[in-house]
Protein chains: 2
Amino acid sequence: MTLEQMDKKRADIFKALSDVNRLSMIRILYRHHREMTCGEVGGELNISKSTVSYHFKILRSVGLTHTRKDAQIKYLSINKDTFHKYLPGFLDSL
Amino acid sequence: MTLEQMDKKRADIFKALSDVNRLSMIRILYRHHREMTCGEVGGELNISKSTVSYHFKILRSVGLTHTRKDAQIKYLSINKDTFHKYLPGFLDSL
DNA sequence: CCATTTGTTCTAATGTCATGAAACAAATGT
DNA sequence: ACATTTGTTTCATGACATTAGAACAAATGG
């Protein structure tokens, strides 16, 4: 992997975290220390469910969160591996 | 400072690092272990000088870099304090 | 079978960002 | 004085991001 490709990957991670709603979603997930549903997380923010879905898709696409589906409900959680790899120490600063 | 204000501040930092050119500029500055001029940094990237100036203004505005003026030349450097505060361990991963 | 819950996708509107050319400003050198 | 160097600002443009509403899909419960 070239330096430029690594810069690109890092930029994608930072871009995913550059929106205040997405950052709040990460903080909420992290502080609850458990899986949460889309609706639970969205309920703490003042935005529509389609917007919540849009933001979680972006977080998932760069590997910052993980989704587990059980029946009709989807459980979200933080992907700590990605944070530790690209942003060591960041989660604990939340 | 409220949680929302802290999320906003973090989002601004991440936004500043979410562009591949700005990330390359930080990497170049960090790896040279010395102050560099705008022109030197820009010379390693393939973008116009006005674009380089635009990007450094953004990095400066969130405190990621520092500028020292000596005569007509401006010397740029990394502001390690900001990195250590918001992204501990990140610089060493570059 | 039908209403409800949970979340996704589509669409349209609006807003923000990145870019380079040109003009500008400040300091220097001849 | 005047050209040169170094960087900033202004401007126009094209590209991309964010948002909510509506329609949709899948699973559940009565």
Side-chain angles (χ1 to χ4, degrees), chain A residues 4 7-29 32 34-62 64-78, chain B residues 4 7-29 32 34-79:
Chain A
E4 287 72 21
D7 284 343
K8 180 71 173 59
K9 174 66 181 171
R10 290 190 188 101
D12 286 342
I13 301 263
F14 284 129
K15 194 169 297 181
L17 292 171
S18 71
D19 179 89
V20 70
N21 281 325
R22 290 195 290 271
L23 215 39
S24 296
M25 291 158 100
I26 292 290
R27 179 174 47 74
I28 289 167
L29 263 181
H32 277 78
R34 60 169 173 84
E35 292 179 316
M36 295 177 78
T37 66
C38 216
E40 276 183 305
V41 177
E44 305 208 10
L45 305 169
N46 223 13
I47 52 182
S48 72
K49 61 181 184 169
S50 63
T51 300
V52 173
S53 183
Y54 163 76
H55 284 311
F56 267 121
K57 191 176 180 180
I58 290 173
L59 290 172
R60 241 188 349 259
S61 75
V62 296
L64 289 173
T65 59
H66 178 249
T67 302
R68 178 176 68 85
K69 188 176 182 183
D70 182 13
Q72 86 273 38
I73 296 178
K74 289 189 175 177
Y75 293 98
L76 302 163
S77 57
I78 298 255
Chain B
E4 288 71 22
D7 285 342
K8 180 70 172 57
K9 174 66 180 170
R10 291 190 188 101
D12 287 341
I13 301 264
F14 283 127
K15 194 169 296 181
L17 292 171
S18 72
D19 179 88
V20 71
N21 282 324
R22 288 194 291 270
L23 217 37
S24 297
M25 292 159 102
I26 292 291
R27 180 174 46 73
I28 289 167
L29 263 182
H32 277 78
R34 60 169 174 84
E35 292 180 317
M36 297 177 76
T37 66
C38 217
E40 277 183 304
V41 177
E44 304 208 13
L45 304 168
N46 222 13
I47 52 183
S48 71
K49 62 179 183 168
S50 62
T51 300
V52 173
S53 182
Y54 164 76
H55 285 312
F56 267 122
K57 191 175 180 181
I58 289 173
L59 290 171
R60 242 189 349 258
S61 75
V62 297
L64 289 174
T65 59
H66 178 248
T67 303
R68 178 175 68 85
K69 190 176 183 185
D70 181 14
Q72 86 273 39
I73 297 180
K74 289 190 174 176
Y75 292 98
L76 301 161
S77 57
I78 298 256
N79 188 344

For atom [atom1] of [X] and atom [atom2] of [N], their distance in whole Å:
X	N	atom1	atom2	result
A/Tyr75	C/dT5	OH	P	16 Å
B/Asn21	D/dC16	CG	P	15 Å
A/Ile58	C/dG7	CD1	P	18 Å
A/Ile47	D/dA17	CD1	P	17 Å

Item to check | A/Lys57 vs A/Gln72, nearer the 5' end of DNA chain C by closest nucleotide | outcome: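 In this pair, the answer is A/Gln72.
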Next on the checklist: Assess the residue pair B/Glu44 and B/Arg27 against the criterion (salt bridge (Lys or Arg N to Asp or Glu O under 4.0 Å)); give the C-alpha distance rounded to whole Å, side-chain angles, the decisive distance to 0.1 Å, and a yes or no.
Outcome noted: CA-CA 11 Å; B/Glu44 304 208 13; B/Arg27 180 174 46 73; over 6 Å; no
Item to check | Pairwise 5' ranking along DNA chain D for A/Ser48 and A/Lys15, keeping only the more 5' one | outcome: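 Looking at the nearest nucleotide for each, A/Lys15 comes out on the 5' side.
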Check this for me: does the side-chain of [X] come within 3.5 Å of the base of [N] through a donor and an acceptor?
X	N	value
A/Lys74	C/dG7	no
A/Ser50	D/dA20	yes
B/Ser53	D/dG7	no

Next on the checklist: Can a side-chain donor-acceptor contact be found between B/Asp7 and A/Ser24 if the only test is distance below 3.5 angstrom?
Outcome noted: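 Side chains of A/Ser24 and B/Asp7: pair found under 3.5 Å.
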Item to check | Residues B/Ser53 and B/Ser50: side-chain donor-acceptor under 3.5 angstrom | outcome: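 No, B/Ser50 and B/Ser53 have no side-chain donor paired with an acceptor closer than 3.5 Å.
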Next on the checklist: Just to be sure I understand the rule, does B/Phe56 reach a base, reach only the sugar-phosphate, or reach nothing, if contact means heavy atoms closer than 4.0 Å?
Outcome noted: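 Here B/Phe56 touches no strand at all.
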